[in-house]
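Before any comments, here is the structure.
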Amino acid sequence: MNHKNAPIGVFDSGVGGLTVAREIMRQIPNEKIVYFGDTARVPYGSKSKETVTRYSRQIVRFLQTQQVKAIVVACNTASAYALDEIEKEVDIPMIGVVKPGAKVAAETTVNGKIGVIGTEGTIGSNIYPRYIKEINPKVSVVGKACPLFTPLVEEGLLQDPVTDEIAKRYLAELIDIGIDTLILGCTHYPLIRSTLGRIVGEKVNLVNPAYETARELKELLVAENMLNDEETKLGDNKYRFFVSDGAEKFKHFANSIIKYGILSAKTIHIEEYEAQV
Ligand code: DGL
């Protein structure tokens, strides 16, 4: 297969990475995508760096068997824990969601007070403050782990009083500090964006790293002369979805947020893709 016409691999611990896949579909509509959601092992956010790195390696190995030309780590936790290590092991470009999100936040803030919400892993890794301060050392960045958001999203409770109540508790301290920019530092969170926006108020800019990640991917494909040059149509396996469990539930969810034709999802045994390092 011509390398240019190969698909982009995108992965997450579950459905969250669909927010990134959706953005790639919007910004580079001619590209094919192979998506993997690790629905059997979600959440990643409370697991160790070693475990998340091992899971990510298996997924990268699986995506390579699908002949992908580039990989997007559509998971902040995996981007924080595993990307630096794994990108050295593969010969195709890999991009994560953290750097693009950090860059926009650093450029967006006016009062220099940025909040970042994410999983325990992402917040504990301190990766957002590190990248943001490399761009602008003067800003202050306060992180808040929000571990209950991922299961709420995976359960489809996108507009629900329970989600509202939990969001109010998690966000209270960031609101008190007076942040003007809030990074949605987990790819699941854009799915509850309206709830989060209502609670922090309209003066706070919400940064969704998915948009910038898709833009960075497009720039990379242009720079490397890797944009797909064959016309693609919906159907024809343009978008393919794989999960490690619960394919029907995933498919239902994916169809509700991605409006690009009827999707099907296939379950695979991801543990079988143990990668040799
Ligand atoms: N969506 C993921 C992230 O961006 C992970 C959520 C989880 O599995 O805990 O971090």
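Numbering of ligands and ligand atoms starts at 1, following listing order. In what follows, residues are counted from 1 in the order of the sequence shown.
- Between Val42 and ligand 1, a contact under 3.5 Å exists for no N or O pair.
- At a heavy-atom distance under 4.0 Å, atoms from both the backbone and the side chain of Thr187 approach ligand 1.
- The Thr77 neighbourhood of ligand 1 comprises atoms 3 (C), 5 (C), 10 (O), with distances under 4.0 Å to a heavy atom of that residue.
- There is a side-chain donor-acceptor pair under 3.5 Å between Gln58 and Arg41.
- A donor and an acceptor atom, one from each side chain of Asp12 and Tyr44, are nowhere located under 3.5 Å apart.
- Side-chain atoms of Thr119 and Thr122 form a donor-acceptor pair, as typed in the model, at a separation below 3.5 Å.
- The closest approach between any non-hydrogen atom of Gly16 and ligand 1 is not below 4.0 Å.
- The proximity of Asn76 to ligand 1, defined as any non-hydrogen pair under 4.0 Å, involves the side chain as well as the backbone.
- There is a side-chain donor-acceptor pair under 3.5 Å between Asn5 and Glu230.
- Side-chain contact check for Gln159 and Ser194: at least one donor-acceptor pair (N or O, by modelled atom type) lies under 3.5 Å.
- Looking at ligand 1, you'll find an N or O of Asp12 within less than 3.5 Å of one of its N or O atoms.
- In this structure Thr232 satisfies the side-chain hydrogen bond (donor to acceptor under 3.5 Å, both in side chains) test together with Asn30, Lys238, sequence neighbours excluded.
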- Item | Verdict with supporting geometry, Thr181 and Asn205, side chain to side chain donor-acceptor pair (under 3.5 Å) | CA-CA 5 Å; Thr181 304; Asn205 278 304; 4.8 Å; no

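- Asp180 and Thr109 share a side-chain donor-acceptor pair at under 3.5 Å.
- For atom 5 (C) of ligand 1, the nearest non-hydrogen atom of the protein is Ser13 OG, 3.4 Å.
- Every atom of ligand 1 is numbered from 1 in the order shown, and the set under 4.0 Å from a heavy atom of Gly45 is 7 (C), 8 (O), 9 (O).
- Residue-level proximity to ligand 1 for Cys75 is carried by backbone and side chain together, each with a heavy atom below 4.0 angstrom.
- Taking distance alone, with nitrogen or oxygen atoms compared against 3.5 Å, Ser46 stays at or beyond that limit from ligand 1.
- Considering both main-chain and side-chain atoms, Tyr44 comes within under 3.5 Å of ligand 1 through a nitrogen or oxygen pair.
- Counting atoms of ligand 1 from 1 in the listed order, those under 4.0 Å from a heavy atom of His188 are 1 (N), 2 (C), 6 (C).
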